[in-house]
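Have a look at the structure below, then the notes.
Predicted, not measured: the structure shown is a model, and the values here were computed from it. Letters go in sequence order (proteins before strands), and every chain restarts at 1.
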There are 4 protein chains.
Amino acid sequence: MPAKRSELATWRREQIIDSAMSVFGGKGVDAASMKDVAMAAGVTQGLLYHYFAGKEALVVAVIAERGFLPELRRLLSAAADRPASEVLPEVVAGFDKLLTARTPLLGMFLSGAHGNPKIRAGLEAVIAEGQRLLGEYLTARVAAGELHEHEPSAVAQMLLCSSLVTAVMGLSSDPRAKTSILIHGLAAT
Amino acid sequence: MPAKRSELATWRREQIIDSAMSVFGGKGVDAASMKDVAMAAGVTQGLLYHYFAGKEALVVAVIAERGFLPELRRLLSAAADRPASEVLPEVVAGFDKLLTARTPLLGMFLSGAHGNPKIRAGLEAVIAEGQRLLGEYLTARVAAGELHEHEPSAVAQMLLCSSLVTAVMGLSSDPRAKTSILIHGLAAT
Amino acid sequence: MPAKRSELATWRREQIIDSAMSVFGGKGVDAASMKDVAMAAGVTQGLLYHYFAGKEALVVAVIAERGFLPELRRLLSAAADRPASEVLPEVVAGFDKLLTARTPLLGMFLSGAHGNPKIRAGLEAVIAEGQRLLGEYLTARVAAGELHEHEPSAVAQMLLCSSLVTAVMGLSSDPRAKTSILIHGLAAT
Amino acid sequence: MPAKRSELATWRREQIIDSAMSVFGGKGVDAASMKDVAMAAGVTQGLLYHYFAGKEALVVAVIAERGFLPELRRLLSAAADRPASEVLPEVVAGFDKLLTARTPLLGMFLSGAHGNPKIRAGLEAVIAEGQRLLGEYLTARVAAGELHEHEPSAVAQMLLCSSLVTAVMGLSSDPRAKTSILIHGLAAT
DNA sequence: GATGAATGAGGATTCATTCAT
DNA sequence: GATGAATGAATCCTCATTCAT
């Protein structure tokens with residue numbers, strides 16, 4: 001709780017966003033009321049509207065400022081010259097960790113993606129960017145002669161979507177098994 | 001609209017369930033009001049409560065009577081003696097079709113899975129059952145010598161989760177590419 | 001459950017009235033729904049309206065056909081030539097028993113007396129009649145020289161009202177103590 | 001309608017409680033809707049829930065803040081050394097006046113005592129306390145030699161219950177007649 | 001910056017009643 | 001006599017939002 005006025009303001013903002021994320025994530029965006037958020041943040045309802053134009057703006061702020069995208073980019077900026085057998089398990093494990101570390105946000109995506117276009121856009125961005133970045137890496141490995149020609153988006157989908165669903169549903173994911181199968185295939189001999 | 005009274009009653013029930021599925025799927029379970037459902041079904045709100053105990057009961061009825069489970073079972077009861085290279089693409093394509101054919105239900109799962117335990121249970125059942133059935137088939141193919149030893153649940157997750165997410169998000173899925181990669185692997189040579 | 005049609009009809013009527021009395025008494029007239037009554041009677045809602053014009057008519061029927069009035073009259077038709085010291089305790093004890101024996105009806109009076117004029121009328125009738133009958137007896141005893149001149153309605157009120165309230169509230173009543181005090185007075189010597 | 005904000009708030013609260021008391025008393029607690037209360041108080045329905053958690057909380061507030069108990073206590077704190085022939089008529093007349101002065105509250109008790117445990121508790125408290133206080137006084141008069149040994153609760157019941165019922169039913173009560181009979185008895189000579 | 005009183009529309013649900021079968 | 005499908009109005013309550021203080 002900083003002393004300076006302007007710092008206190010931004011601190012309050014962050015505090016509200018954090019509370020909003022956990023409340024929205026906990027009960028679902030629709031089911032959560034602004035009163036819930038206000039109480040969780042320890043402020044009055046009125047103050048919420050001092051910092052955010054409304055509920056939707058608060059949702060957007062949570063996605064924009066707590067979204068997975070920046071970390072996802074860093075995670076998938078895999079060194080293009082390291083072998084897939086090393087990089088892929090790392091990437092999948094990292095993505096799993098990223099998702100489970102911020103389950104409330106994932107809950108927001110799950111519950112709000114349908115009705116709220118803003119939330120949906122946030123979810124779509126994550127998937128599209130993940131698919132793109134992972135695809136780039138795979139293409140590079142094909143060029144390097146490690147992997148043979150294939151449809152990179154299919155691999156990206158299989159990897160990222162399974163992480164997404166397992167995180168959302170609380171299932172266990174096994175990055176090593178998945179990547180191993182993908183690289184060596186299932187066929188005998 | 002049948003003539004006999006008892007038939008009309010069951011017909012009404014079905015009609016309400018269908019309307020509920022599309023309304024819930026369209027706006028999300030939380031955002032959709034019982035009034036919406038009533039109007040979509042062309043009945044009064046009161047009648048909804050003559051057939052269903054409440055909103056939740058209606059949701060449960062939609063899941064129970066329009067759920068993917070029966071068709072999923074039929075779909076995945078793949079002949080254990082046919083090769084994976086044939087069966088897997090069929091299964092994935094079939095699952096894709098099954099999901100996209102009933103997008104409203106998928107929307108319900110997406111929007112309601114978080115807050116409503118009943119919906120979540122329905123979604124979990126679909127995933128668990130799919131994983132189990134597909135796993136059984138793969139194990140049989142390992143025994144038959146077509147595939148080498150592996151973790152079947154990892155394959156099932158990659159296949160089914162990617163179908164799930166692509167259907168939900170309206171992305172395109174390529175069953176043939178996915179299964180081909182899984183069987184032959186990505187590694188060069 | 002009699003065989004003949006007309007008997008069955010009257011039997012049903014009684015059955016409905018009994019169920020209505022206990023349901024109305026149990027939850028209060030307002031809080032009890034016609035559905036509650038129908039279920040308690042083991043009939044459909046529709047049939048209720050075959051026998052009674054509506055909820056109010058059912059309430060009136062319960063009061064008219066299960067009311068305290070007939071028994072109250074029999075009870076208070078005390079032999080005018082028997083001494084008050086004998087009659088009064090009998091009467092009060094009898095009234096207490098009458099009230100507690102049909103608590104549901106008492107509950108109806110309590111909960112419905114205010115809003116529903118019909119119920120209120122029923123309650124007023126019981127009180128007025130009790131006051132009148134008891135007053136007559138007391139006047140006779142004054143004439144017989146057993147009691148001195150007094151206001152009979154005051155005695156009736158003290159006796160009957162205390163029975164009413166104690167029955168309603170589930171308190172214990174002591175008829176012998178009350179009547180003894182009334183007859184001999186509280187004053188020392 | 002005070003100027004300061006905090007005063008206005010408490011004023012509103014009182015105003016709502018008053019309106020609630022008269023509305024609940026007028027139509028009965030069950031029959032009266034929150035809308036009725038809101039209109040009577042000249043506020044919107046929503047505001048009711050700003051001040052009170054719900055209908056029941058409002059009922060409880062009315063009983064707690066407008067109940068008879070405080071005044072009843074003051075009334076029955078009769079000087080233990082004054083003779084019963086003086087005190088008793090005063091007390092009964094005072095109780096009569098107290099009850100008739102706040103008929104709406106009495107109506108609430110009458111109509112709501114059955115279903116609502118909170119209301120019932122309020123009514124029971126009034127009766128129990130009245131019985132206790134009056135009993136204490138009578139015991140003191142026995143000790144003073146004015147009255148002979150007797151069951152005080154029987155006297156209290158006869159006095160208070162008859163006042164209660166006559167007030168509820170709008171009957172006339174004659175405090176002097178009642179107390180005179182109680183003190184001197186009915187028996188001739 | 002911060003409060004909380006106030007609003008008005010909308011939510012799920014219940015209910016007495018009717019009527020075709 | 002009996003059924004139960006159907007109605008529409010009413011009920012309690014919640015919510016996002018505004019604004020004077």
Just how far, in rounded Å, is [atom2] of [N] from [atom1] of [X]?
| X | N | atom1 | atom2 | result |
| --- | --- | --- | --- | --- |
| N116(B) | dA12(E) | CG | P | 13 Å |
| M34(D) | dA12(E) | CE | P | 20 Å |
| F24(B) | dA12(E) | CZ | C1' | 11 Å |
| D30(C) | dA16(E) | CG | C1' | 13 Å |
| K35(C) | dA5(F) | NZ | P | 11 Å |
| L58(B) | dT13(E) | CG | C1' | 14 Å |
| Q15(C) | dG1(F) | CD | P | 13 Å |
| Q45(B) | dG10(E) | CD | C1' | 10 Å |

Side chain of [X] only, please: which of [options] is the nearest?
| X | options | value |
| --- | --- | --- |
| V43(C) | dC12(F), dT3(F), dC15(E) | dT3(F) |
| Y51(A) | dA16(E), dA6(E), dA2(E) | dA2(E) |
| A9(C) | dA16(F), dG1(F), dC13(F) | dG1(F) |
| L47(C) | dA12(E), dA2(F), dA5(E) | dA2(F) |
| K55(D) | dC12(F), dG1(F), dA6(E) | dC12(F) |
| L8(C) | dG1(F), dA16(F), dG1(E) | dG1(F) |

**Request:** Using Watson-Crick or G-U wobble geometry with both distances below 3.5 Å, tell me the partner of dT11(F), or none.
**Result:**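 In the structure as shown, dT11(F) has dA12(E) as its Watson-Crick or wobble partner.
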**Message:** Tell me which nucleotide, if any, is Watson-Crick or G-U wobble paired with dT21(E) when both distances must be under 3.5 Å.
**Reply:** dA2(F)
Please work out if [X] contacts a base, only the sugar-phosphate, or nothing of the nucleic acid, heavy-atom cut-off 4.0 Å.
| X | answer |
| --- | --- |
| F52(B) | nothing |
| A38(D) | nothing |
| A32(A) | sugar-phosphate |
| G54(A) | sugar-phosphate |

**Request:** Without swapping roles, check the side chain of D36(C) against the backbone of S33(C) for a donor-acceptor pair under 3.5 Å.
**Result:** yes
**Smallest separation among heavy atoms of F24(D) and A32(D), with atom names** =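 It is CD2-CB, 3.7 Å.
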**Item:** Minimum heavy-atom distance P104(B)-S22(B), with the two atoms named
**Value:** CB-CA, 4.0 Å
Respond yes when some side-chain nitrogen or oxygen of [X] is under 4.0 Å from OP1 or OP2 of [N], and no when none is.
| X | N | value |
| --- | --- | --- |
| H50(B) | dA5(F) | yes |
| Y49(D) | dT14(F) | no |
| R12(A) | dA2(E) | yes |

**Asked** Side chains of M21(B) and R102(B): does their closest heavy-atom pair fall under 4.5 Å?
**Response** yes
**Salt-bridge contact E7(C)-R12(C) (side-chain N to carboxylate O under 4.0 Å)** = no
**Request:** State plainly whether the residues E14(C) and R66(C) are in salt-bridge range, i.e. N to O under 4.0 Å.
**Result:**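 Counted as a salt bridge, because a side-chain N and a carboxylate O are separated by less than 4.0 Å.
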**Comparing L48(D) and A31(C) on DNA chain E - which has the more 5′ nearest nucleotide** =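 The residue closer to the strand's 5' end, by nearest nucleotide, is L48(D).
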**DNA chain F: 5'-proximal contact among V29(A) and T44(C) (nearest heavy atom)** =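 Mapping each residue to its closest nucleotide by heavy atoms, the 5'-most match is T44(C).
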